[in-house]
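As the structure is a computational prediction, the values presented were derived from the model and not from experiment.
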Amino acid sequence: MDELLQEFISETQETLEALAGEVVAWEADPSDRDRLDAIFRFFHTVKGSCGFLNLPRFERLSHAAEDVLADIRAGERQADPVTVSAVLGLMDRIGELTEAVAMGAALPNENDDYLIAALNTPPGAGADQVPAAEPVEGEAAPVSVARPQAPQAAPRTIRLPLSLIDQLMNGVSDMVLARNEMSRKLRDRSSDAELDTVFERLSTCVADMRDVISKTRMQRVDRLFAAIPRMVRDLGRDLGKRIDLTLEGGDVEMDREMVEMVVDPLTHIVRNSIDHGIETPERRRTAGKPEAGRLRVEARQSGNQIVIMISDDGAGIDTGRLVDKAIAAGRLTPDAAARLTEQEKLDLIFMAGLSTAQQVTAISGRGVGMDVVRANVERIGGVIALDNHPGQGLCITLRVPLTLTIIPGLIVRAGGQHFAIPRAAVVEILHDNNDMLQISEVGGAKIATIRAVRHSMVDLEAVLGMEKLPQPGPRAIMVVRSSTGMPFALGVAAVDNHEELVIRPASPLVMASGVYAGMTLPDNGRPMLLLDAAGLASVARLPNIVEDDAARRQEDESEAAGVEMVAALRFEELSGERRLLKLSLIERVEDIDTSLFGKSAGQAFVRLDGRLVTVVNGHSRFAGDKVCALRLRDGEQETCYPVAAVLDIVQMPLVPDMVALHGLLSGVSVIDGEHLEVLNPFALFASLPQERPDPARQGRCILVESEDGWTREILAPLLRQAGHDVTLGLPADTSVDPRDIILCNGPDTAQAGEMLGCRVVQLRASPRAAGPQDGSIYRYDQDALMAAIGGRQG
């Protein structure tokens with residue numbers, strides 16, 4: 001019985017979560033029979049399950065709702081707003097009872113008769129004449145919910161405890177660490193081609209397993225959207241506003257924990273959009289807008305991020321009122337306010353306790369709690385941005401990681417220990433001997449000036465109370481985003497590496513310090529703490545607003561020019577030229593042993609992580625023991641680009657100042673008065689050699705004359721090196737696949753091969769063909785041979 005009860009609770013809670021929005025959509029379109037049937041089936045299922053589970057209150061409530069819905073299905077009653085509200089009330093009560101049963105608590109002792117009476121109340125005398133689109137006096141019209149496509153059939157699923165999924169994820173994370181440790185051991189030993197091949201196959205299997213298990217943690221964004229239609233409907237009715245709601249991207253998937261972390265910020269933003277974003281119908285008519293306000297919530301995947309956009313066509317944010325409130329609250333001086341840019345005025349909304357609301361209501365105004373929203377989003381490695389159009393609307397964009405379990409991060413060293421920091425929090429990295437950087441002290445505080453832009457600076461050792469150890473080389477200065485949106489400079493001994501980090505929770509005592517976001521296990525398997533950029537800024541008591549005229553002038557100039565800028569790495573080539581490369585293409589920068597480089601058949605390569613990677617600029621010989629290299633990736637292909645030195649990170653125009661497509665270059669850009677050549681990513685990756693064929697998709701190369709010395713010693717190794725699956729001699733059962741191809745030396749075996757139903761390539765020993773009808777290929781014509789094999793599926 002306990003198992004049946006748990007199954008009933010799980011199914012009821014999941015169905016309630018999905019149905020809340022369906023009831024609202026059904027209210028907007030009462031003719032939608034599919035939604036009506038789904039709601040009716042829910043109450044019918046609950047009633048049927050309650051009899052043998054001894055849940056009389058569930059049975060009574062669901063039976064009352066089922067009777068009314070049956071009348072509506074039969075056309076004997078209309079789905080008026082009063083009835084829909086009553087149905088939603090019954091669903092809420094069933095949800096409360098279900099939660100109480102699940103927790104083993106006493107059932108709430110509310111009066112169910114009131115809800116049932118509201119459900120059975122007949123519609124008013126004039127209610128039947130009120131059009132569905134027109135609101136009755138004192139209440140708003142039903143919320144219109146637009147969805148991009150019709151609901152699809154639910155996939156077949158089974159229920160598993162979340163603890164089991166977490167155990168699987170922890171297990172595969174440990175496998176990844178063990179694989180990385182084995183990779184280091186193999187690199188320390190002499191090269192063994194067969195062992196390397198086996199290890200590479202093992203690595204692929206582990207990576208595939210990690211991806212599959214990660215997908216078991218994924219949930220559709222529909223769960224995130226489920227409560228929004230109901231919330232919009234209820235708030236719209238309370239505030240007397242009409243709202244057209246559009247939800248898109250419900251089929252996008254994100255990590256289960258990420259869904260739970262985003263629910264609260266999204267709910268707060270939607271509530272504020274309805275309360276102080278969208279105006280009342282009277283004000284909208286006065287402003288020349290449609291009476292029904294538009295609210296759009298859209299989710300989409302962009303790389304390894306989920307982008308959620310909440311936009312409305314309301315009044316937007318009055319930045320002037322924000323400034324007045326900040327000055328009145330003593331958070332901003334009038335002089336500082338006069339120098340703020342429009343974006344800086346807009347960012348005041350994230351100050352704690354700041355609101356543009358005229359009066360305090362149950363529904364908070366924009367600004368109240370927005371500091372918490374931003375802190376929660378940035379705590380999970382996300383970013384929040386505002387696009388304000390006063391009088392026309394506001395668009396809030398949330399960018400959050402796809403998953404919380406594995407994130408890209410940087411390994412930094414400070415005080416003789418290693419720490420990790422999310423890569424998304426780091427804007428750029430420089431060394432303290434860089435000409436673009438000046439560090440000064442004012443009143444005991446450090447100021448880092450980077451390209452005429454001042455940043456508050458703090459050393460990581462000072463924040464953590466560690467000793468700052470002497471070191472022969474320069475220190476690294478990282479520009480890090482803080483919770484206030486104002487970046488600050490963080491000094492560390494060095495940035496050692498870039499890795500995909502497995503994130504795990506840290507102990508409560510460690511988290512109580514406020515500067516850590518968890519712990520992580522890097523490739524070496526030694527636990528290290530993950531730094532929280534917002535916590536570092538808070539503990540270091542860095543200022544919330546930076547008053548920097550030079551930075552503001554630079555931003556104004558960029559906006560006036562209308563030039564789209566992107567982050568780029570400025571580096572020096574081995575040949576001495578200084579060039580630029582778009583930063584998003586660079587996976588990591590590292591020093592590589594020059595002994596790992598080599599060249600074969602004119603193609604330079606380097607051995608990385610137990611495999612050969614193409615060197616795109618062709619360098620394979622270097623003066624020292626190590627060389628600085630850029631590891632580049634376009635999403636699928638990876639390549640290595642050795643350089644003489646990495647200089648710094650700059651902002652360059654997306655389109656070069658002078659476009660000149662030539663070789664690997666796309667043009668020239670002027671950065672800080674210096675003319676720099678810009679690498680062309682398209683030409684760079686297009687120059688890489690094509691990948692070897694996949695034997696699993698191409699079938700076999702069957703060599704009929706298996707005893708022939710040339711076939712066994714020369715042809716077979718050539719085909720294997722080209723990535724083909726080679727079989728010597730016909731299979732014992734003479735069974736072949738249509739994708740297979742037979743290679744033979746004589747016409748007799750060629751005829752036998754054609755009878756088996758697959759393609760045949762006949763080879764000859766003479767360079768010259770026997771005549772015009774001779775379709776054979778000279779056996780030492782490699783290009784013709786590979787072309788014939790490659791076209792076997794055509």
Is the shortest side-chain heavy-atom distance between [X] and [Y] below 4.5 Å?
| X | Y | value |
| --- | --- | --- |
| V495 | I411 | no |
| P642 | V615 | yes |
| V616 | C640 | no |
| L679 | L665 | yes |
| V704 | L743 | no |
| V643 | L574 | no |
| V221 | V259 | no |
| N617 | E573 | yes |

Residues in side-chain hydrogen bond (donor to acceptor under 3.5 Å, both in side chains) contact with [X], at least two apart in sequence or another chain:
| X | result |
| --- | --- |
| D634 | none |
| Q782 | none |
| E707 | none |
| R633 | E587, E638 |

Interatomic distance, [X] atom [atom1] to [Y] atom [atom2] [nearest 0.5 angstrom]:
| X | Y | atom1 | atom2 | result |
| --- | --- | --- | --- | --- |
| E428 | D648 | CD | CG | 7.0 Å |
| S666 | L581 | OG | CG | 9.5 Å |
| R768 | Y778 | CZ | OH | 12.0 Å |
| L719 | D725 | CG | CG | 10.5 Å |
| M519 | F419 | CE | CZ | 13.0 Å |
| L630 | L585 | CG | CG | 10.5 Å |

Side-chain donor/acceptor of [X] to backbone N/O of [Y], under 3.5 Å:
| X | Y | answer |
| --- | --- | --- |
| R700 | I702 | no |
| T614 | F605 | no |
| T594 | G624 | yes |
| R764 | S776 | yes |

Nearest non-hydrogen partners of [X] and [Y], listed with the distance:
| X | Y | value |
| --- | --- | --- |
| E253 | I306 | O-CD1, 3.7 Å |
| I429 | I649 | N-CD1, 3.7 Å |
| V262 | M254 | CG2-CE, 4.3 Å |
| S669 | V678 | OG-CG2, 3.7 Å |
| G663 | A683 | O-CB, 3.4 Å |
| H675 | V668 | CB-CG1, 4.1 Å |

*Could you tell me which residues satisfy ring-ring contact (aromatic ring centres under 6.0 Å, His included) with Y641, sequence neighbours excluded, listed by chain and number?*
F571
*What residues, two or more places apart in sequence or in another chain, satisfy ring-ring contact (aromatic ring centres under 6.0 Å, His included) together with F622?*
F597
*For the pair R631 and E590, evaluate side chain to side chain contact (heavy atoms under 4.5 Å, CB included) and give the outcome as yes or no after the intermediate values.*
CA-CA 8 Å; R631 290 179 66 168; E590 61 182 337; 2.6 Å; yes
*asked:* Restricting to side chain to side chain contact (heavy atoms under 4.5 Å, CB included), what partner residues turn up for A425, sequence neighbours left out?
replied: V480, A533
Set of residues satisfying salt bridge (charged side-chain N to carboxylate O under 4.0 Å, His left out) with respect to [X], sequence neighbours excluded:
| X | value |
| --- | --- |
| E713 | none |
| D593 | K626 |
| D496 | R413 |
| R779 | none |

*Stepwise, does the salt bridge (charged side-chain N to carboxylate O under 4.0 Å, His left out) test hold for D196 with R201?*
CA-CA 9 Å; D196 290 344; R201 189 167 61 205; over 6 Å; no
*Using the side chain to side chain contact (heavy atoms under 4.5 Å, CB included) rule, take V252 and R220 through it: C-alpha gap first, then chi angles, then the decisive distance, then the call.*
CA-CA 6 Å; V252 175; R220 288 165 57 100; over 6 Å; no
Taking atom [atom1] of [X] as the centre, does the number of heavy atoms from other residues, nucleotides or ligands within less than 6.0 Å exceed 12?
| X | atom1 | result |
| --- | --- | --- |
| Y780 | OH | yes |
| R621 | CZ | no |
| D208 | CG | yes |

*Mind running side chain to side chain contact (heavy atoms under 4.5 Å, CB included) on V627 and D591 for me, showing each step along the way?*
CA-CA 5 Å; V627 64; D591 292 331; over 6 Å; no
*Do E572 and R579 sit within salt-bridge range, that is, some charged N less than 4.0 Å from a carboxylate O?*
no
_Intermediate values then yes/no, side chain to side chain contact (heavy atoms under 4.5 Å, CB included), N680 and L664_ = CA-CA 5 Å; N680 184 353; L664 298 181; 5.8 Å; no
_Pairs flagged by side-chain hydrogen bond (donor to acceptor under 3.5 Å, both in side chains) wherever residues 649-659 is involved - sequence neighbours left out_ = none
